[in-house]
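Working notes, beginning with the structure itself.
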Amino acid sequence: MFEIRNETEIWYKAKEMPDWIHYGSAVVAEPIEKEKFAVKRFDLEKGEYLLYMDCKTYFYNGVEYSVTDGCFTVPKPKEEPAVYQPNDAELAIMEMQADMYEQQEQSNLTLMESLADFYETMIGGNEK
């Protein structure tokens, strides 16, 4: 014997069973092709799931899909673009560039310090 509770859950109990057991959901989505699903509703008289032709929309994985003739299609997820991975030669070039920038920065700092010393000497700042 089947019973629908809360309009969404099906429970089953045979005569020899002391308690009811949860059988499943009243309406389910069953995959029929790679990206296509059939919406089925449990028929209490027949004791099986049948195609639910009156269904207009169905929530699947948190998204509402439009149902036509008892079926809906889940579009393929967009493929994320591949993340660029430099090869060993490119990594070596990047390291050389980083070293060059660091050397140039050191040279600029040294030049700036020399200019600062020169200006202080010209202005008369480093008198002892």
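Only a predicted model underlies this, so the values are computations on that prediction, with no experimental measurement involved. Hydrogens, waters and symmetry mates play no part in the numbers below; they use all other heavy atoms, side chains included.
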I need the minimum non-hydrogen distance between Gly70 and Met53, along with the two atoms involved. N-SD, 4.2 Å

Cluster link Tyr119 to Met112, ILVMFWY, side chain under 4.5 Å: no

Quick check for you: to the nearest 0.5 Å, what is the distance between Glu105 atom CD and Thr110 atom OG1? 10.5 Å

Joint hydrophobic cluster, Tyr52 plus Val28, side-chain heavy atoms closer than 4.5 Å: no

How many angstroms lie between atom SG of Cys55 and atom NZ of Lys40, to the nearest 0.5 angstrom? 13.5 Å

Donor-acceptor contacts, no H, no angles, side chain residues 78-92, under 3.5 Å, sequence neighbours left out:
residue	atom	partner	partner atom	Å
Tyr84	OH	Glu90	OE1	2.6
Tyr84	OH	Glu90	OE2	2.8
Asn87	OD1	Ala89	N	3.1
Asn87	OD1	Glu90	N	2.8
Glu90	OE1	Asn87	N	2.9

Of the non-hydrogen atoms in Ala38 and Leu51, which two are nearest, and what is the gap between them? CB-CD1, 3.8 Å

When every non-hydrogen atom of Val27 is compared with those of Arg41, the smallest separation belongs to CG2-CG, 4.1 Å

Could you measure the distance from the CG atom of Leu109 to the CD atom of Gln104? Nearest 0.5 Å is fine. 11.0 Å

Within the 4.5 Å heavy-atom criterion, are Phe72 and Val39 side-chain neighbours or not? yes

Any chance CG of Asn108 has more than 12 other-residue heavy atoms, nucleotides or ligands included, within less than 6.0 Å? yes

CD of Gln97 to CE of Met94, rounded to nearest 0.5 Å, is 8.0 Å

Can you check whether Phe42 and Tyr49 have ring centres sitting under 6.0 Å from each other? yes

Ring pair (Phe, Tyr, Trp, His ring centres under 6.0 Å) contacts in which one or both residues fall within residues 90-113, not counting sequence neighbours: none

Do we see a donor-acceptor contact under 3.5 Å between the side chains of Thr57 and Glu64? yes

Which heavy atom of Pro75 sits nearest a heavy atom of Tyr65, and at what distance? CD-CE2, 3.8 Å

